[in-house]
There are 2 protein chains.
Amino acid sequence: MNLTVAEENYIKSIYKLEEGTEAVTTTGLAYELDTKPASVTDMAKKLKEKKLIDYEKYQGINLTAEGKKAALHIIRRHRLWECFLVDKLDFSWEEVHELAEELEHVRSEKLISRLSDFLGNPTIDPHGDPIPDAQGKMGKQRAQISLDQARIKRLEVTAVSDKSAALLEFLNAKGIRLGTQLEVIERYEFDNSIEIKIRNQPAFTISEQVSKNIMVRPL
Amino acid sequence: MNLTVAEENYIKSIYKLEEGTEAVTTTGLAYELDTKPASVTDMAKKLKEKKLIDYEKYQGINLTAEGKKAALHIIRRHRLWECFLVDKLDFSWEEVHELAEELEHVRSEKLISRLSDFLGNPTIDPHGDPIPDAQGKMGKQRAQISLDQARIKRLEVTAVSDKSAALLEFLNAKGIRLGTQLEVIERYEFDNSIEIKIRNQPAFTISEQVSKNIMVRPL
DNA sequence: GAAAATGTTTAGATTTGTCTAACTTTTATT
DNA sequence: AATAAAAGTTAGACAAATCTAAACATTTTC
Ligand SMILES: [Mn+2]
Ligand SMILES: [Mn+2]
Ligand SMILES: [Mn+2]
Ligand SMILES: [Mn+2]
């Protein structure tokens, strides 16, 4: 199955939306891909033709088994390149997503397997996301929930779900990175903001928008 | 100046043909890019519009100063990736050209400068070709001629001009690589084949087609 | 259960890059 | 110089990916 760059981007976005709870809608996918619903409908027809998605007019989009497999291979390439950029070229985590967005489309089994070996076959990427193996199997994520839902006080940051430079730079500024251990001091019901404390540093408050995108596990 | 992948490939091929002696013709460029003359004419109009080439109907194609600069940046990316693949991922020289043909189109100054640093700022690529610097300046090539023209007996291989896997695999089989020192034993006028000898190994004969693509310098 | 609002699809256009077939220009040959 | 051959260009078509505007479906609201 030979996919174009556009098709790969669609498949990957559909996978991402399917990971969430809700159904994959035309508008939702258009928003995710920064395009228009009409374009999504066009592409949906092509991907259905290629048997990568199940799609019926007005009924939403779902990856087939084949589509899911394709998605996992693209995600593997994306996340390995992110590791390369951070571990070998000293990029910081907010810079790598965009570059990996392009590098992921260089399709070569051999390149990726060599790259993985070179990196020591990492299993999580710089944002805490698991890297599928060569067969497209993804290691079970450790139990993790978003910080806004955690009901335990002492937590460790395991991943960040939004990869925008905006959020990641904010986290840099606050000293929050993967592995950071933090304590929830207070939850404010009014706006669902949370007061947290890292080590001996003074406590500070983060918005719900931020805490929703920080994944944590109990310490 | 934002170039498409196709435009970049054209610019690079034009540069390559200009490096040779002859004028860059529509048919020659079509052959180099494995496309049709009609397509080249179409693209020539676009590149002229973007001021990357000088072009008048029926008069051939020449890079402008700007076009040349663009070409050198693409070549820099191409050759740095080739170095990466060979030096870090243990690819052999006949495998890397195709992959670099794709990787070269990921445009990021920062990525390339980091990659170059990571590789120790190499100045020649795995085929013996010089790597332009960040400003697009290419270190003067050491004096080198093709083996078929060399009139001196003891020579060192400095580069290979044809990057096809076919030729490079042949050279692998014969034990010819960059830096190999060889001695010309005999030249046969009939077909311009050459008998050469490497170290203490038995002599063997190579065709003119091969010797034309091996660049050497006197020892 | 109709009307309004929201979401989705279609129709038709555009851009990029390519092609074939026909035509034109240049170059080589007699 | 006339003609033949080769090289280059144009015209018209197509595929991929996108868009806007209009039409159509579905869902929500009253
Ligand atoms: Mn991408
Ligand atoms: Mn990531
Ligand atoms: Mn290329
Ligand atoms: Mn090379």
Side-chain angles (χ1 to χ4, degrees), chain A residues 1-14 17-18 20-63 67 70-71 74 101-102 104-107, chain B residues 1-14 17-18 20-63 67 70-71 74 101-102 104-107:
Chain A
M1 186 56 49
N2 234 9
L3 303 182
T4 65
V5 168
E7 286 169 342
E8 286 196 339
N9 285 333
Y10 270 87
I11 290 293
K12 196 155 61 83
S13 288
I14 296 166
L17 294 184
E18 275 190 351
T21 38
E22 298 124 74
V24 181
T25 63
T26 304
T27 322
L29 189 49
Y31 181 80
E32 175 68 27
L33 282 159
D34 196 22
T35 182
K36 295 288 169 332
S39 308
V40 171
T41 301
D42 288 345
M43 182 61 90
K45 289 174 188 165
K46 287 177 209 161
L47 295 176
K48 184 191 178 171
E49 193 57 40
K50 293 199 175 190
K51 302 195 169 153
L52 294 164
I53 62 170
D54 291 323
Y55 167 68
E56 295 299 333
K57 264 191 188 188
Y58 297 102
Q59 298 314 126
I61 290 168
N62 291 288
L63 290 177
I74 305 163
E101 204 54 53
E102 302 199 39
E104 69 187 357
H105 302 293
V106 178
R107 263 149 299 181
Chain B
M1 186 58 46
N2 235 6
L3 303 182
T4 65
V5 168
E7 287 169 341
E8 286 196 340
N9 285 332
Y10 271 87
I11 290 293
K12 196 155 61 85
S13 288
I14 295 166
L17 294 184
E18 275 189 351
T21 39
E22 298 124 77
V24 180
T25 63
T26 304
T27 324
L29 188 50
Y31 181 81
E32 176 68 28
L33 283 159
D34 196 20
T35 183
K36 295 286 173 323
S39 308
V40 171
T41 301
D42 288 345
M43 183 60 90
K45 289 174 187 165
K46 287 177 207 161
L47 295 176
K48 183 189 179 173
E49 194 57 41
K50 292 200 174 188
K51 302 198 168 151
L52 295 164
I53 62 170
D54 291 324
Y55 167 67
E56 294 300 332
K57 264 192 186 188
Y58 298 103
Q59 300 312 129
I61 291 168
N62 291 289
L63 290 177
I74 305 162
E101 203 54 53
E102 303 199 38
E104 70 187 358
H105 301 294
V106 178
R107 263 150 298 182

Residues in side chain to side chain contact (heavy atoms under 4.5 Å, CB included) contact with A:Thr41, at least two apart in sequence or another chain: A:Thr26, A:Lys45, A:Tyr55
Close residues, residues 23-32 of chain A, relative to DNA chain C [heavy-atom separation under 4.0 Å]: A:Thr25, A:Thr26, A:Thr27
Residues in contact with DNA chain C, drawn from residues 41-51 of chain A - heavy-atom cutoff 4.0 Å: A:Thr41, A:Lys45
Worked verdict on A:Leu63 versus A:Glu18 for side chain to side chain contact (heavy atoms under 4.5 Å, CB included): CA-CA 8 Å; A:Leu63 290 177; A:Glu18 275 190 351; 3.8 Å; yes
Set of residues satisfying side chain to side chain contact (heavy atoms under 4.5 Å, CB included) with respect to A:Ala38, sequence neighbours excluded: none
Residue mapping more 5' on DNA chain D - nearest nucleotide basis, A:Tyr58 or A:Tyr10: A:Tyr10
d(CD, B:Glu22; C1', D:dA7) in whole Å: 15 Å
Flag, side chain of A:Lys50 to backbone of A:Asn2, donor-acceptor distance under 3.5 Å: yes
Salt bridge A:Lys12-A:Glu7, side-chain N to carboxylate O under 4.0 Å: no
Side-chain (B:Glu8) to main-chain (B:Leu3) donor-acceptor, under 3.5 angstrom: no
Of all pairs that satisfy salt bridge (charged side-chain N to carboxylate O under 4.0 Å, His left out), the ones with a partner from residues 24-34 of chain A, not counting sequence neighbours: A:Lys16-A:Glu32
Exam field: side chain B:Ser13 to backbone B:Asn9, donor-acceptor pair closer than 3.5 Å: yes
Test side chain to side chain contact (heavy atoms under 4.5 Å, CB included) applied to B:Glu56 - qualifying residues, sequence neighbours left out: B:Lys48, B:Gln59
Atom pair distance, as rounded to whole Å: CG in A:Asn9 and C1' in D:dA16: 14 Å
A:Gln59 CD - D:dT26 P separation (whole Å): 7 Å
Nearest-Å distance for atom pair OH/P, residues A:Tyr55 and C:dT8: 9 Å
Short side-chain N/O contact to C:dG17 OP1/OP2 from B:Thr4, under 4.0 Å: yes
Most 5' of A:Ala38 and A:Lys57 on DNA chain D, judged by nearest nucleotide: A:Ala38
Nucleotide C:dT9, atom C1' - distance to CD of A:Glu56 in whole Å: 14 Å
Whole angstrom value for the distance that separates C1' of C:dT8 from CD1 of A:Ile61: 11 Å
